[in-house]
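Below is one structure, written out as structure tokens; the observations come after it.
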Amino acid sequence: MWYKKRQRLIDAQKKLEEELRKEEDAVIDEMMKKRSEENNKLSEEIKKEWEVRLKELTEKFDKEMGKKSKKLRDSEKKLMTVNFENQKRELGNIIERKKAEKRQNMTIRVREKEQRKMAHLVEKQSQQMLQLLAAKQEELKQEVAQELPTNGDISEPDVIENVMEALNLEVTTTELPPPHPPSCRKKDLFSDVSVFNEIDNQVIQVAKDDHLTYTDMMEKMTGNLPNDIDKARAIYRWITVKDLNIMEFEEAIDSNTPLGLLKGIKFGTETYHVLFMRLCSYAGLHCKEIKGHSKSVGYEPGMKIEPESFQNTWNAVLIDGDWRLVQCNWGARHLVLNKDKKKQDSPREKEKERKEAEKKEQERKEAEKREQERKEAEKQKIDGENDGENGDATENGKGDETKVNDTIRYQYDEHYFLTDPDEFIQEFWPNEPEWQLLEKPITKEEFEELPFVRSVFFHFGMHFDRGLKAVVETSDRGGCDVRLKVNEKLENDIVFFYQLRFADRERRHEAGYRGAYLERFVYMTMIDNTVMFSVHVPTPGEYFFEVFANRLDEAEGPKGNASDGVVSSFRLKCACKFKIVCKTLVGKMHPLPECAAGEWGPKKGKRHFGIKAISVKHQDKDHETISDDSSETTSLKSDTEVIDTQLKDTPDNPKGGIVNVNETVDLVFKLTKPLQFVIKLRMNSVESKALDPFVHHTVEKGSTLRITVSPPQTGQYGIDVYARPLDSHDKKLSHAFKYLLNCLKVTEPVEIPKIRPKTTPKRDSQWGPSPMFEELGMRTVSHSEPKIECSESNQITIEVFVPRSVSVSHQFLREPGGDIRDQVAMARQESNPEKTFFKVTLPETGNYMLAIYARLRDGESRNLSNVYNYLIVYRKSPVPETAPLAKGGDRKSSGSSIFRKGLFKKTEKDKQK
């Protein structure tokens with residue numbers, strides 16, 4: 001009986017859906033017609049402009065040729081003709097670029113208009129569907145009431161409620177509540193995301209199939225789900241599973257086909273949030289579209305949000321009387337065979353992929369063979385990089401739960417499903433303040449001042465230990481600090497890293513300052529569940545400081561150790577970002593010793609190798625005992641003097657990795673398994689080998705590591721500890737942990753050889769090679785001279801020989817427009833990686849500079865140096881005579897020139913000349 005009633009409801013939904021589909025098809029057809037008209041109109045405008053300008057150019061040529069034809073030789077006439085053809089070709093290129101730009105602007109404008117129209121249509125149709133369900137609900141209630149027995153043994157309201165639940169029909173028919181803060185937090189709705197495992201698996205199966213109607217699809221997806229939150233969950237997961245961005249559509253789509261159901265996605269008229277609103281109506285859920293702004297791609301801390309910038313749209317869905325926030329677009333992450341799938345696999349594409357896979361597999365085996373030979377040649381390899389922590393940064397959150405089914409891997413971000421308002425406001429600001437769903441809504445200016453955070457920040461239960469704004473000002477000594485607290489249950493599983501870079505456009509791509517990597521001006525340590533980043537910038541200016549984090553892969557073991565005990569590389573994800581402003585700087589700041597990148601202190605050793613710090617002992621007395629089991633709490637110093645040169649005031653904090661030393665110090669650790677160690681002592685301006693005699697270590701009874709350091713002089717030192725399990729087949733040692741030592745007293749100092757600070761050699765002229773170009777083994781191949789003149793074509797390919805041991809980058813500038821590096825494609829030849837090509841496109845006539853930067857891959861410095869500068873002159877043919885290049889780049893030119901400032905300043909030597 002209940003089945004028949006349910007079927008009647010489904011039939012009514014299908015009938016209404018058919019009517020709504022006809023209305024939608026008519027609207028889309030009208031949109032496509034207007035698109036075509038706009039395209040034709042634009043093409044006609046461009047065509048007329050081309051004809052007019054070509055006519056002007058031709059008339060000018062004919063006039064000049066007519067005046068000079070009797071006086072010109074045949075060769076000169078030919079040259080004028082070639083010049084005319086070049087001008088004609090260049091005019092064609094200009095018109096094509098203008099056409100492409102106008103078409104792009106037109107497409108954006110038209111699509112935005114279409115999306116607004118479609119959103120209004122779907123909103124109206126959603127109300128119609130909800131009204132139908134509400135009407136059917138009342139109709140069925142009356143039927144049930146009439147069919148009830150009259151003996152009075154059962155309460156009529158209870159029976160009707162049970163029937164409605166059995167029919168899965170509970171639509172809110174009363175007036176919708178206004179926006180208001182939810183009655184409870186997300187964690188109170190469900191304790192763990194695993195409660196949705198069964199629903200998620202069901203949705204994944206439904207997403208594999210195509211459906212002719214939304215009604216059929218929603219019946220399979222939510223027909224057996226009893227409450228609002230389960231239905232909302234199913235819809236959210238379907239959208240995050242069904243990768244709508246890569247679906248292939250035929251040019252002409254029949255509405256009565258599975259793909260016809262999603263034709264709005266194909267034509268760009270329907271978005272994720274509109275689709276979510278539509279599907280909610282079929283499930284009997286009320287949903288709203290919310291418009292506003294977001295801190296999305298391109299946004300940096302401290303930016304001001306203008307009315308037309310960083311616009312975004314999301315949803316609010318009514319769950320048990322509370323409005324809850326959902327952002328499907330940010331929640332959708334898709335991995336197919338671990339990489340985005342651009343199109344459906346055809347047999348030809350599958351065969352192509354198979355051959356490419358075989359080729360890559362062969363290359364991998366050869367690379368492994370070479371690597372094995374290299375390892376055998378080296379008895380011992382110390383991994384100087386922070387393999388366990390310095391991964392690629394992404395913006396996926398920890399909540400990117402993964403479902404694996406056959407060869408398809410679905411990934412999504414849990415954070416954006418029913419997000420708590422106080423967390424959602426960190427990234428999204430609605431135009432209507434009431435939709436912040438906060439007790440006290442904030443202004444747009446306050447939104448801009450909030451710290452820039454991403455979903456991973458909330459996944460790991462992070463919070464700042466004090467109020468911070470997006471822009472942090474340093475003290476007059478250049479110092480500031482950022483502290484995060486994480487969930488105590490995760491403190492031994494979370495790994496952090498950071499990046500400090502210049503914020504100003506001119507220096508944004510510089511990784512260092514005066515030969516030191518910028519990250520050496522940051523001290524990061526973790527004590528218990530608090531991580532502190534102590535920043536001391538080297539020079540006044542503006543910086544971006546970004547914090548990355550991730551949870552250790554469970555596949556690597558409980559402490560993050562791989563099966564053979566060697567720490568594996570893994571990716572880190574953006575947690576938060578700040579803009580740091582230093583207006584004045586008193587004193588000179590020195591970088592920390594050049595140790596392995598990342599975290600200081602003993603906690604890293606415990607996390608990766610189970611190494612536990614026991615004590616720090618000085619020559620005369622026990623200095624302090626630290627133990628994870630001790631009741632003693634070591635607080636983090638708020639002062640950022642760990643980078644200062646005034647060692648007498650530096651904090652002594654062994655648990656945070658900072659130890660003050662008088663004469664000699666012993667660091668003692670407890671081991672949980674046999675390990676092999678290599679210990680390196682570091683000091684600025686001193687070769688590491690020169691410090692080897694001053695650091696020793698012993699392993700006592702296989703369970704205690706003792707490191708003894710007797711600094712040769714007062715000053716600041718770093719200790720790098722590398723380790724590997726004795727039973728590991730891999731000879732490679734991974735970085736285990738490091739300490740910062742401030743030596744305050746040495747009775748009998750020992751002289752140690754100093755090395756000169758690394759400086760980049762200066763070239764005699766800004767054009768051509770610097771001395772380092774030859775030192776790195778690089779050489780020009782296609783263009784031996786630094787000046788290149790172009791007239792026949794706006795494209796040029798420059799080939800440079802670059803040894804495999806050298807990393808290269810580039811900068812491309814136009815005078816006076818600035819950086820246009822996107823006009824250069826840099827690539828290494830697959831068959832011969834030492835051949836590097838710079839494919840340059842010159843958008844218009846003028847002077848350009850291609851600056852090539854390089855460094856040794858395994859060198860101590862990570863800074864890229866400017867090693868070669870090309871001057872590219874693009875002129876209409878014939879190219880006029882130009883003045884020769886002056887040494888030092890002192891070209892005579894009027895007006896402002898980017899080639900006479902910034903990166904290309906004269907050297908003192910040039911000025912003397």
Side-chain angles (χ1 to χ4, degrees), residues 34-110 782-783 787-798 812-818 820 822-825 838-850 870-884 891-899:
K34 288 186 177 180
R35 275 194 193 184
S36 179
E37 290 174 355
E38 291 281 351
N39 272 320
N40 292 337
K41 182 180 177 181
L42 176 62
S43 297
E44 191 63 29
E45 287 179 1
I46 295 297
K47 181 181 177 182
K48 286 182 179 179
E49 182 179 357
W50 161 252
E51 291 174 349
V52 169
R53 295 186 64 176
L54 179 60
K55 182 180 178 182
E56 293 174 351
L57 183 64
T58 304
E59 288 176 351
K60 181 180 178 181
F61 171 73
D62 291 341
K63 187 176 180 180
E64 291 180 354
M65 183 65 79
K67 286 182 179 180
K68 303 178 181 179
S69 59
K70 295 181 180 180
K71 300 178 182 179
L72 294 176
R73 295 191 297 269
D74 289 342
S75 60
E76 292 174 326
K77 291 180 180 180
K78 185 175 181 181
L79 182 61
M80 286 185 67
T81 303
V82 170
N83 185 31
F84 168 72
E85 291 299 326
N86 288 337
Q87 291 176 331
K88 181 179 175 182
R89 189 183 303 112
E90 184 177 347
L91 176 61
N93 293 334
I94 293 173
I95 293 295
E96 282 300 316
R97 287 196 298 271
K98 188 174 183 179
K99 180 179 179 181
E101 183 178 348
K102 281 192 170 186
R103 177 161 286 148
Q104 182 181 16
N105 293 334
M106 180 203 71
T107 300
I108 294 173
R109 174 174 48 83
V110 170
S782 59
H783 297 77
K787 181 179 179 181
I788 303 173
E789 296 182 348
C790 300
S791 59
E792 299 296 327
S793 172
N794 73 326
Q795 293 185 332
I796 183 173
T797 299
I798 298 173
F812 191 50
L813 304 173
R814 180 181 181 275
E815 182 182 29
I820 53 170
D822 57 335
Q823 299 294 326
V824 178
F838 298 87
K839 297 182 179 180
V840 182
T841 300
L842 308 169
E844 52 188 308
T845 57
N847 297 331
Y848 298 82
M849 190 190 79
L850 174 64
Y870 280 102
L871 171 64
I872 303 176
V873 181
Y874 181 33
R875 297 281 185 267
K876 297 178 181 179
S877 182
V879 180
E881 187 87 3
T882 58
R891 293 190 304 114
K892 294 182 179 181
S893 61
S894 61
S896 174
S897 171
I898 60 169
F899 295 159

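Just so you know, these numbers come straight off a predicted model, no measurement behind them.
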Problem set entry | Over all atoms of both residues, closest heavy-atom pair of Lys77 and Met65 | O-CE, 4.0 Å
For this session: Would you indicate whether the side-chain heavy atoms of Phe838 and Ser782 approach each other to under 4.5 Å?
Result: no
Exercise. How many angstroms lie between atom CD of Glu844 and atom CD of Glu90, to the nearest 0.5 angstrom?
Worked result: 9.0 Å
For this session: Just do the side chain to side chain contact (heavy atoms under 4.5 Å, CB included) check on Arg89 and Asn86 with the steps written out, would you?
Result: CA-CA 5 Å; Arg89 189 183 303 112; Asn86 288 337; 2.8 Å; yes
Problem set entry | Ser43: partners by side-chain hydrogen bond (donor to acceptor under 3.5 Å, both in side chains), with sequence neighbours left out | Arg103
Problem set entry | Contact check, side chains of Tyr874 and Ile796, non-hydrogen atoms, under 4.5 Å | no
Problem set entry | CG on Leu42 to CE on Met106, rounded to 0.5 Å | 6.0 Å
Problem set entry | Spacing of Gln823 atom CD and Leu850 atom CG [to the nearest 0.5 Å] | 12.5 Å
For this session: Answer yes or no: is there a side-chain heavy-atom contact under 4.5 Å between Arg875 and Asn847?
Result: yes
With a 3.5 Å cut-off and sequence neighbours excluded, list the donor-acceptor pairs that the side chains of residues 50-64 form with protein atoms.
{"unit_1": "Thr58", "atom_1": "OG1", "unit_2": "Leu54", "atom_2": "O", "d": "2.7"}

Exercise. Is the side chain of Asn794 donor-acceptor paired with the backbone N or O of Leu842 at a distance under 3.5 Å, no angle test?
Worked result: yes
Exercise. Below 4.0 angstrom, N of the basic side chain to O of the carboxylate: do Glu49 and Lys98 qualify?
Worked result: yes
Exercise. For Lys47, does the NZ atom have more than 12 heavy-atom neighbours from other residues, nucleotides or ligands under 6.0 Å away?
Worked result: no
Exercise. Should Gln795 and Lys839 count as side-chain neighbours, where that means a heavy-atom distance under 4.5 Å?
Worked result: no
For this session: First locate atom CD1 of Ile788, then atom NE2 of His783, and finally report the distance between them rounded to the nearest 0.5 Å.
Result: 4.0 Å
For this session: Determine, stepwise, if the pair Thr107 / Glu38 fulfils side chain to side chain contact (heavy atoms under 4.5 Å, CB included).
Result: CA-CA 9 Å; Thr107 300; Glu38 291 281 351; over 6 Å; no
Exercise. Is Tyr870 reaching over with its side chain to a backbone N or O of Ile798, donor-acceptor style, under 3.5 angstrom?
Worked result: no
Problem set entry | Heavy-atom check, side chain of Ile872 versus side chain of Phe812, under 4.5 Å | yes
Exercise. Is there a donor-acceptor pair under 3.5 Å between the side chain of Arg97 and the backbone N or O of Pro843?
Worked result: yes
Exercise. Within a radius of less than 6.0 Å around CD of Glu101, do more than 12 heavy atoms belonging to other residues, nucleotides or ligands occur?
Worked result: no
For this session: To the nearest 0.5 Å, tell me how far Leu91 CG sits from Glu96 CD.
Result: 10.5 Å
